[in-house]
Each structure stands twice: as structure tokens, then as C-alpha cells.
Amino acid sequence: MTSFNWNNIFLNNYGTPTIELVEGEGIVVKDSQGNIYLDFLSGIAVNALGHAHPAVIDAVSKQIRKLSHTSNFYANEPAINLAEKLIAISSLDAKVFFCNSGAEANEAAIKLSRRTGKKNLIAANNSFHGRTMGSLSITGQLTKQQPFKPLLSDVQFIDINSRSGVRKIKIKTAAVFLESIQGEGGVIPCTNEFLKAVRAKTIKTKSLLVMDEVQTGLGRTGQWFGYENAGITPDVVTLAKALGGGLPMGAILVTGEAKELFEPGQHGSTFGGNPVVASAALATIDVIEKENLLENSLNMGELLIKLINQIEGVTEVRGRGLLLGVELTELAAKDVELECRKMGLLLNAVTEKTLRLAPALIINIEQVKRCSEIIDDAIKSLKKSGNKS
Ligand SMILES: *Cc1c(COP(=O)(O)O)cnc(C)c1O
């Protein structure tokens with residue numbers, strides 16, 4: 001580790017990391033001690049093409065030599081091309097707003113919903129939409145909200161996959177926010193039936209359906225966007241994480257009448273649509289298309305599910321494509337995370353009993369097999385040493 005005292009220089013909001021990453025290539029990453037890991041977390045579903053992908057390096061290098069920032073007083077070519085590309089791959093009759101993170105994308109959607117003239121919001125219990133005051137207000141986790149109250153009022157939480165939840169959507173509801181698969185909440189998918197029922201109800205009540213695809217978007221679930229698996233069309237899609245191919249970028253896509261809700265001066269972002277980041281995003285989407293990574297995501301996900309389901313100590317594997325939650329029978333997920341790390345595999349304990357896998361979309365069969373072997377070995381080794389904490 002670079003010699004410094006983390007706690008002397010960083011605020012105490014993260015806890016103290018025990019390894020420092022220095023370089024990577026593809027899905028392999030190296031720490032400052034020279035240890036090598038298979039990266040099955042990808043910086044939390046961000047590095048869709050793995051580390052140091054030549055297409056991203058090339059796009060970013062070319063762009064930063066030409067023009068690195070413009071502000072939104074002026075148009076720039078990569079942002080225009082990226083907006084057009086996002087509209088094309090979503091097949092939505094949409095318009096785009098660019099920002100820099102998932103929280104900002106949801107924040108923009110919350111503000112947009114206020115422009116309907118209504119103010120009530122609905123989100124799901126156990127959801128995660130970000131850490132800003134607005135996006136935290138629609139995050140259905142009391143432990144995250146409690147220290148920061150008062151938050152936005154008029155937010156109601158419903159259970160996903162429940163009829164009573166759908167019934168709570170009313171005319172007064174400005175917008176409903178949902179993740180197609182709850183990521184931070186433990187990789188918990190919405191059923192297609194539930195998403196269809198919410199879509200039907202929100203059309204009746206004229207409420208915006210906002211699909212938060214920050215974690216599930218851009219190929220992670222085997223489609224460009226997770227909601228496509230349910231065959232629905234949302235009013236707003238929020239994006240970030242994988243969008244910038246490892247660089248910070250967020251976006252919202254807005255369809256239908258909602259496209260006209262913002263007027264000049266009502267929202268903005270200095271860095272939003274930055275040309276360097278937009279060129280990285282374009283390169284990423286381009287590679288996903290050319291190398292059929294949507295298909296690879298689905299296929300490698302299916303193989304992972306099959307292999308990991310055979311491991312003793314695993315109750316179930318949830319999710320789709322390359323966003324998977326591995327539910328453990330008895331071991332603490334944190335212990336398995338640390339044991340896997342010792343054995344050269346990065347993943348994370350997303351809840352007490354659930355490991356999350358979110359590898360780059362470029363992974364191959366060998367790497368999938370290796371990942372499953374390491375999880376098996378890690379569980380065996382912990383059981384042998386009598387660790388059941
Ligand atoms: C990570 C995440 C966010 C927040 O994104 P940031 O870039 O950390 O602000 C919002 N929604 C979902 C579904 C996420 O997974």
C-alpha cells in the first residue's frame with residue numbers, strides 16, 4: 001500500500017480499504033503488493049469492457065487532444081453522437097439530458113416530475129437511487145435515510161412484486177421510480193408481471209414511470225436496458241455506471257409528453273455531456289455492439305448461474321445476465337468476499353448473506369469457470385476452519 005494513513009486524509013464515510021489497485025487489463029487487476037485478481041465487480045458494474053480497453057483509451061486520447069470541455073453554452077460532437085446513439089439503441093422516441101452520476105440522473109428525473117404539476121413520488125422498499133438529498137429521499141432503506149432527515153416529503157414506498165404496491169399508485173402520483181433488478185438491495189429482480197402492472201397503472205394515473213437503469217443498463221442483463229426483459233416502455237430511463245465505460249457519466253432519456261417538461265434554465269450541469277467522457281461512452285457502446293456483448297452477457301450469466309448453483313453452501317443465484325446475487329446458506333457474505341479476495345477474486349458482499357457478481361461484459365468461459373471454482377474453494381476453506389460467523 002502506498003504509505004499514507006487513510007483515516008487522516010479521508011472522511012470516514014467509506015470505512016478503510018485494505019488493498020490499493022494500481023493497474024488492470026481486461027478483467028484482471030493488480031494491487032500495489034503485486035497480487036493479481038479476477039475482477040468480478042468491475043468497480044460496481046462500471047467497467048463494462050474491463051480495464052484499459054484499447055477502444056476506450058483510443059477514443060479518450062484522441063478527444064482530449066482535440067477538445068476536453070466546452071460547457072453547455074456550446075454543442076460538442078461526441079455528446080451529439082452519443083445522444084443519437086442512446087436514442088437509437090433504446091428504440092425510444094426520446095430526448096436526452098447528460099449529467100455525471102446515477103444520483104444526478106435520478107435527481108434530474110425527480111425535478112422533471114415536479115414539472116407535471118404533481119409532487120407525490122412512489123419508490124420501492126429496499127431500493128437504491130443515490131445519495132443526494134433528492135435521490136436519497138426515494139431510496140427505500142431507513143438506515144441510509146435516518147441520519148439525514150428531513151428529506152423530501154410526499155414519498156411513499158411500496159413492495160416490489162406486490163398487487164397492493166400497484167394499488168398505491170394514484171392520480172396524485174407524479175412519478176414511480178423502480179430498478180428492474182434492485183442492485184444495492186441484494187440483486188432482487190422485479191417480475192415481468194409486476195413491471196407490466198405498474199406500467200398499465202401509471203398510464204391510467206398519468207404518472208411518469210422512471211426506470212432506474214443505472215446499474216442494470218447498457219447490456220448488464222443481456223439487453224441494453226433491464227426493463228426490456230418485461231416488454232414495457234418507460235417514460236424516463238436513468239443511466240450512469242457503465243455508461244462512460246469507466247469514466248463518470250450519467251444520463252436521462254425522456255419520452256412522450258414528458259420530453260417538453262423542462263424549459264430553458266430549469267436544469268443543468270457544467271460537466272454534463274463532456275466530450276471526453278461522451279467519446280468514451282460512444283466507444284463502449286460501439287464495442288458492445290460489434291462484439292455481441294449483450295449475447296455474451298446473457299450466455300456467461302447463464303453459465304455462472306448453472307455452475308454456482310452446484311456449489312454446496314449456496315441457496316440460490318438471482319438476477320440475469322451479468323448482475324447476479326449469490327445467496328449463501330450459512331456463511332457471512334463478508335467472510336466469503338474476503339476469502340475470495342485472498343484467492344484472487346474480487347466480488348462484493350452486497351447484503352449480509354448475498355454476494356454480488358457484476359463482471360465486465362467481455363468475460364469468457366474460462367474466467368467464469370475460475371470464478372465459480374474460487375467461490376467453491378473459499379466456502380470450503382471457511383467451513384473447514386469452522387468459520388460460521
Ligand atoms: C449506483 C446506483 C445509483 C447511484 O449512482 P452514483 O453514480 O453512485 O450516484 C443510483 N441508482 C442505482 C440503481 C444504482 O445502482
Side-chain angles (χ1 to χ4, degrees), residues 11 13-14 41-48 97-113 121-141 144-145 148 151-152 155 157 160 175-190 195 209-221 223-229 234 236-253 269 271-274 277 280-281 284 318-325 347-351 354 356-359:
L11 296 183
N13 54 315
Y14 288 121
L41 190 58
S42 314
I44 317 184
V46 167
N47 304 309
F97 166 76
F98 286 125
C99 52
N100 314 287
S101 70
E104 282 181 35
N106 287 318
E107 205 67 39
I110 292 170
K111 283 182 71 180
L112 186 85
S113 79
L121 300 176
I122 286 186
N125 286 314
N126 200 43
S127 62
F128 184 82
H129 297 293
R131 306 287 197 154
T132 58
M133 292 301 272
S135 62
L136 181 60
S137 300
I138 55 167
T139 288
Q141 301 184 37
K144 293 195 169 68
Q145 286 196 337
F148 302 102
L151 297 166
L152 285 183
V155 182
F157 293 98
I160 60 166
V176 178
F177 285 76
L178 288 173
E179 300 157 86
S180 47
I181 300 175
Q182 291 186 335
E184 300 307 304
V187 191
I188 304 178
C190 285
L195 290 176
L209 174 57
V210 182
M211 290 307 300
D212 179 343
E213 292 283 335
V214 168
Q215 188 153 162
T216 45
L218 281 310
R220 184 134 300 277
T221 70
Q223 304 267 10
W224 284 113
F225 307 104
Y227 65 78
E228 290 178 88
N229 293 304
V236 181
V237 182
T238 64
L239 297 173
K241 289 199 167 89
L243 176 60
L247 274 66
M249 177 167 232
I252 69 173
L253 312 183
S269 164
F271 286 117
N274 170 279
V277 185
T284 302
R318 292 187 297 265
R320 194 186 151 92
L322 294 173
L323 180 59
L324 299 177
L347 40 68
N348 101 302
V350 67
T351 67
T354 314
R356 169 177 45 190
L357 307 183

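Note that ligands are numbered from 1 as they come in the structure, with each ligand's atoms numbered from 1 the same way.
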Answer yes or no for atom 8 (O) of ligand 1: protein heavy atom present at a distance under 4.0 Å?
no
Any nitrogen or oxygen of V214, main chain or side chain, under 3.5 Å from a nitrogen or oxygen of ligand 1?
no
Could you list the atoms of ligand 1 found under 4.0 angstrom from a heavy atom of A103?
4 (C), 5 (O), 6 (P), 9 (O)
Near H129, which atoms of ligand 1 are under 4.0 Å from a heavy atom of that residue?
10 (C), 11 (N)
Any N or O on Q215 sitting closer than 3.5 Å to an N or O of ligand 1?
yes
Considering M249, K241, Q182, which one's heavy-atom position lies nearest to atom 15 (O) of ligand 1?
K241
The atoms of ligand 1 lying under 4.0 Å from a heavy atom of S101, numbered in the order shown, are 7 (O), 9 (O)
For the backbone of N100 and the side chain of E104, can you confirm whether one donor and one acceptor N or O come within less than 3.5 Å of each other?
yes
Would a distance-only check, ignoring hydrogens and angles, find a side-chain to backbone donor-acceptor pair under 3.5 Å from T354 to T351?
no
Quick one: does E184 get an N or O within less than 3.5 Å of an N or O on ligand 1?
no
Any side-chain heavy-atom pair of K241 and I44 under 4.5 Å
yes
Ignoring hydrogens and angles, tell me if any N or O in the side chain of N106 forms a donor-acceptor pair with the backbone of H129 under 3.5 Å.
yes
How would you list, by chain and number, every residue that makes a ring pair (Phe, Tyr, Trp, His ring centres under 6.0 Å) with F128, sequence neighbours excluded?
none
I want to know if ligand 1 touches E179 in the polar sense, i.e. an N/O pair below 3.5 angstrom.
no
Which residues pass the salt bridge (charged side-chain N to carboxylate O under 4.0 Å, His left out) test with E228, sequence neighbours left out?
none
I need the single residue from T216, L253, L195, L239 that forms a side chain to side chain contact (heavy atoms under 4.5 Å, CB included) with M211. Which is it?
L195
For ligand 1, which atoms sit closer than 4.0 Å to a heavy atom of N106?
10 (C), 11 (N)
Any idea which protein heavy atom is nearest atom 5 (O) of ligand 1, and the distance to it?
G102 CA, 3.2 Å
So does E213 pair up with R220, basic N to acidic O under 4.0 Å?
no
D212 heavy atoms, cut-off 4.0 Å: which ligand 1 atoms fall inside?
10 (C), 11 (N), 12 (C), 13 (C)
